[in-house]
Amino acid sequence: MRTVLHVGATLDWDIHQMDVKTAFLHGNLGEEVYMEQPEGGKEPGKESWVCWLDKTLYGLMQAAQGWNQHLHQAMTENGYERISIDHCIYIRTSNLGISIVAIHVDDMCAAASSPGEMKKLKNDLRKFLTLWILARSISYSVLRSLEIVQHEL
């Protein structure tokens with residue numbers, strides 16, 4: 001995230017923070033997974049039946065991997081390349097400009113060289129994901145005014 005904030009602030013690009021709604025429910029399972037029926041959801045006469053999961057769930061061991069694969073596919077299908085030094089950062093150059101996206105679990109911080117590229121980034125990702133826009137157009141002057149203080153413990 002710091003990399004994207006630094007690049008965006010230094011070059012005076014648009015910077016937006018986004019969150020993916022129900023991120024872990026997007027992932028596909030590469031194997032058969034079954035679970036017991038949840039309490040309150042058991043159908044009379046079928047209490048011993050189990051549920052077959054088609055998608056990942058929060059808390060499922062395969063959830064993080066399924067989400068990461070889904071997200072990586074969404075990014076690459078939209079022209080983004082994962083940088084080799086940090087697999088949480090993607091970059092794209094299009095006819096509208098350059099955009100960089102840093103990802104931490106289901107949070108994204110994006111910087112784009114033009115408003116058109118930022119709009120394209122969001123529209124492209126919305127084809128695959130449901131996004132919450134948490135912060136828009138964080139300006140260079142706001143970032144410069146932040147003071148980072150470290151204390152020894």
With sequence neighbours excluded, residues passing side-chain hydrogen bond (donor to acceptor under 3.5 Å, both in side chains) with Gln37
none
Test side chain to side chain contact (heavy atoms under 4.5 Å, CB included) on Lys127 and Leu125 and set out the steps.
CA-CA 5 Å; Lys127 294 174 191 172; Leu125 290 179; over 6 Å; no
Report the residues that fulfil side chain to side chain contact (heavy atoms under 4.5 Å, CB included) with Glu36, sequence neighbours left out, ordered by chain and then residue number.
none
Closest non-hydrogen atom pair between Ala111 and Gly8, with its separation
CB-CA, 4.0 Å
Is there a side-chain contact between Ile91 and Ser99, using heavy atoms and a 4.5 Å cut-off?
no
Between Ile83 and His87, what is the shortest heavy-atom contact and its length?
O-CD2, 3.5 Å
For the residue pair Gln73 / Gln69, report whether a side-chain donor-acceptor contact shorter than 3.5 Å exists.
no
Not counting sequence neighbours, which residues clear side chain to side chain contact (heavy atoms under 4.5 Å, CB included) with Ala74? List them please.
Phe128
Suppose we screen for side chain to side chain contact (heavy atoms under 4.5 Å, CB included). Which residues come up paired with Leu96, at least two apart in sequence or across chains?
Ser94, Ser114, Glu117, Lys120
Has the side chain of Ser113 got a donor or acceptor atom that lies under 3.5 Å from a matching backbone atom of Ile98?
yes
Counting only heavy atoms from other residues, nucleotides and ligands, does the tally under 6.0 Å from NZ of Lys42 exceed 12?
yes
Counterpart residues, side chain to side chain contact (heavy atoms under 4.5 Å, CB included), relative to Ala110 (two or more places apart)
Met18, Val101, Met118, Leu121
Nearest heavy-atom approach of Leu5 to Cys109 is CD2-SG, 3.9 Å
Using a 3.5 Å distance criterion without hydrogens, assess whether the side chain of Arg92 forms a donor-acceptor pair with backbone atoms of Ile100.
no
Heavy atoms, side chains only, cut-off 4.5 Å: are Glu77 and Asp124 in contact?
no
Using the ring pair (Phe, Tyr, Trp, His ring centres under 6.0 Å) criterion, which residues pair with His72? Sequence neighbours excluded.
Tyr90
